[in-house]
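Numbering of ligands and ligand atoms starts at 1, following listing order. In this chain, residues are counted from 1 in sequence order.
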Amino acid sequence: MKTVLSVASEVSPLVKTGGLADVTGALPGAMRAEGWRLVTLLPGYPSVMKALKSSRVVRTERACFGGRARVLAGRAAGLELLVLDAPHLFDRAGAIYLGPDGKDWPDNAERFAALSWVAARLAAAGVEDVKPRVLHAHDWQGALAPVYLKAMKGGAGIGTLLTIHNIAFHGLAPASKLAALKLPEAGFTPDGFEYWGKISALKGGLVASDCISTVSPTYARELMTPEFGMGLDGVLRQRVGDLTGILNGIDEELWNPAADPEIAPYKSPAGKAKNRRALLHEFGLADGPGPLCVVISRLTEQKGLDLLLNALDVLAARSGRLALLGSGDAGLEAAWRDAAARLPGVAVRIGYDEALAHRMIGGADAILLPSRFEPCGLTQLYGLRYGTVPVVADTGGLADTVIDANAAALAMGVATGVKFSPVALDPLRFALSRLCNLHGDRKTFTTLQRNAMKQPVGWAASAPQYAALYDRIGGRA
Ligand code: ADP
Ligand code: GLC
């Protein structure tokens, strides 16, 4: 079978901070049906080492960015894995990117350069029966792999694809780390991985990869504009012919309202009522005639939840409720706790809780994503599948996956949610008020929910698009 070496810093269900993990965890299964075998290289964090059963050592690196490392081959959670066991880099308690002080680990550049360098070495040399035609790197943590591979003997015949899940993170390092990161000095130019005097892992990958993809068609277009490109729009414009947007899918077995063990399963919107009552109870909220809304999110500037804090009165005025589950920025956590303390219709759980996320999607009437930018977004897709109407900013993957309930779309019977733009307070307030109006009209709202539940949100459409890319860059035998 044609093989891809996929390299990523997180892979669900083994280690996850966001949607990146969901996608790298789901892609191998989705691509199997397309005739591609994906073997995933990821760091040997403690959770990964624990999950890896009956592994074997397939490679040793004596000098791997400050210590000895081994590559272990094995399986976990149905995935074929290569694990970079480098205790000096990855055997740490706590979060995968952040130290106990809440700041990035000071050696993150080395940690993920090591991952990328080992990926390139494995791809070039092959390991056991893994002789990849394609190296597929994800985000800045994998982005140097194509850079190393290009400079390596045996690297020339392997196609390289870099997928951008979020361009906000560049993986910058000072120029003084060139040698420590095993990077060729000749590449430290504006046409290479140099970025305003620093090393940029992401830019290096964008320049060196045969193809670039991102996780929605709209974000692919947005990335080429100064507003969304975060300083790399020029680089992307130069590569317009090699840039594709392919929508993420979700795991339709894991996220299935008809067989979700966390909820009272249902096949039509009427079945949500029981789950709605349970959710109100779980969050200590009183019922009311308005919509029960949820947010499940990292709390960061990206997600626009600071704006939502200033729009809560719109919901309150219409007896709407809001339950939020999230964690991240300390200021936002505090502001949301404060809102919950002040407003009887608002309840907040600060933390990370997948089971609760299922109960929230199952029980809510609507899910809110007022993101300033959103490469794809997964929770609106969960919302669609569960008849939980998405209210979204008209950007990135949100723009591509939700059909606004305007008069024309309602008349044609295709509307699935509410969209607003620009991402600012007044348009958000208006969107919430539209949600309340739609919710107040039972028949219309049920139609919206039914339409939402019929939307395709799995990998059926996207897997062939990845296959076409793999074939394009790695078609040789
Ligand atoms: P991003 O990757 O930018 O965080 P996505 O919407 O692509 O956004 O993916 C986020 C993923 O993380 C989803 O699977 C979502 O359910 C999950 N998630 C985010 N925050 C939480 C939380 N506090 N508890 C449980 N799951 C969460
Ligand atoms: C990123 C983006 C999100 C996307 C996810 C998976 O974290 O913020 O929009 O869905 O990656 O591609």
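Each of Phe193, Tyr195, Trp140 was scored for a ring pair (Phe, Tyr, Trp, His ring centres under 6.0 Å) with His170, with one residue passing: Tyr195.
Of the protein's non-hydrogen atoms, the one nearest atom 15 (C) of ligand 1 is Thr379 CG2, 3.7 Å. In terms of protein heavy atoms, atom 18 (N) of ligand 1 is closest to Tyr352 CE1, 3.8 Å. Protein heavy atom at the shortest distance from atom 4 (O) of ligand 1 is Arg298 NE, 2.6 Å. In terms of protein heavy-atom proximity, atom 16 (O) of ligand 1 is nearest to Tyr382 CE1, 3.4 Å. In terms of protein heavy atoms, atom 5 (P) of ligand 1 is closest to Leu378 N, 3.7 Å. Protein heavy atom closest to atom 2 (O) of ligand 1, with residue, atom name and distance, is Gly19 N, 2.6 Å.
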| query | After noting the C-alpha distance and the side-chain angles of Phe112 and Leu181, does the key distance pass the side-chain contact (heavy atoms from CB on, under 4.5 Å) rule? | reply | CA-CA 10 Å; Phe112 297 107; Leu181 297 182; over 6 Å; no
| task | Kindly indicate, with the supporting measurements, whether the criterion side-chain contact (heavy atoms from CB on, under 4.5 Å) is fulfilled by Leu84 and Leu42. | result | CA-CA 6 Å; Leu84 178 56; Leu42 80 169; over 6 Å; no
| task | Start with the C-alpha gap between Thr388 and Asp365, add the side-chain angles, then the distance that decides, and say whether side-chain contact (heavy atoms from CB on, under 4.5 Å) holds. | result | CA-CA 5 Å; Thr388 307; Asp365 300 307; over 6 Å; no
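Ligand 1 lies within reach of Gly351, whose nearest heavy atom is under 4.0 Å from it. Ligand 1 lies within reach of Lys16, whose nearest heavy atom is under 4.0 Å from it. Put simply, part of Gly377 is less than 4.0 Å from ligand 1, judged by heavy atoms.
The cationic group of Arg349 lies under 6.0 Å from the six-membered ring centre of Phe283 and within 45° of the ring axis, placing it in a cation-pi geometry.
When only interatomic distances are considered, the shortest N/O to N/O separation between Ile296 and ligand 1 does not fall below 3.5 Å. Distances between N or O atoms of Gly18 and those of ligand 1 include no value under 3.5 Å. Between Ser327 and ligand 1, not a single N/O pair is under 3.5 Å apart.
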I'd like the atom pairs linking ligand 2 to the protein - N or O on both sides, separation under 3.5 Å - with distances to 0.1 Å.
from     : atom 1 : to     : atom 2 : distance (Å)
ligand 2 : 8 (O)  : Gln302 : NE2    : 3.1
ligand 2 : 8 (O)  : Glu374 : OE2    : 3.4
ligand 2 : 9 (O)  : Glu374 : OE2    : 2.4
ligand 2 : 9 (O)  : Pro375 : N      : 3.4
ligand 2 : 9 (O)  : Cys376 : N      : 3.0
ligand 2 : 9 (O)  : Gly377 : N      : 2.9
ligand 2 : 10 (O) : Asn248 : ND2    : 3.4
ligand 2 : 10 (O) : Gly377 : N      : 2.8
ligand 2 : 11 (O) : His165 : O      : 3.4
ligand 2 : 12 (O) : His165 : ND1    : 2.6
ligand 2 : 12 (O) : Asn248 : ND2    : 2.8

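Of all the heavy atoms of Pro375, none lies under 4.0 Å from any atom of ligand 1, so neither backbone nor side chain is involved. Here Asn166 has no heavy atoms under 4.0 Å from ligand 1, in either its backbone or its side chain. The part of Lys303 lying near ligand 1 is the side chain, judged by heavy-atom distances below 4.0 Å. Counting heavy atoms closer than 4.0 Å to ligand 1, residue Asp353 contributes backbone atoms (N, CA, C, O) but none from C-beta onward.
Taking the six-membered ring for Trp, Trp117 and Phe65 have ring centres closer than 6.0 Å. Under the 6.0 Å cut-off for aromatic ring centres, Phe90 and Tyr45 qualify, their centroids lying closer than that. Ring pair His358/Tyr382: centre-to-centre distance not below 6.0 Å.
Under a 3.5 Å cut-off, the side chain of Asn451 and the backbone N or O of Ala415 do form a donor-acceptor pair. Between the side chain of Asp139 and the backbone N or O of Gln141 there is no donor-acceptor pair closer than 3.5 Å.
Between the side chains of Tyr266 and Lys272, at least one donor N or O sits under 3.5 Å from an acceptor N or O. Side-chain N/O atoms of Thr17 and Glu10 include a donor and acceptor closer than 3.5 Å. When only modelled atom types and interatomic distance are considered, His138 and Ser9 share no side-chain donor-acceptor pair under 3.5 Å. Neither side chain, Glu333 nor Ser327, offers a donor N or O lying under 3.5 Å from an acceptor on the other.
Across Ala355, Ser297, Ala168, heavy-atom proximity to atom 20 (N) of ligand 1 is greatest for Ser297.
Between Pro257 and Lys267, the closest side-chain pair of non-hydrogen atoms is not below 4.5 Å.
Interface atoms of ligand 1 facing Gly326, defined by a heavy-atom separation under 4.0 Å, are 23 (N).
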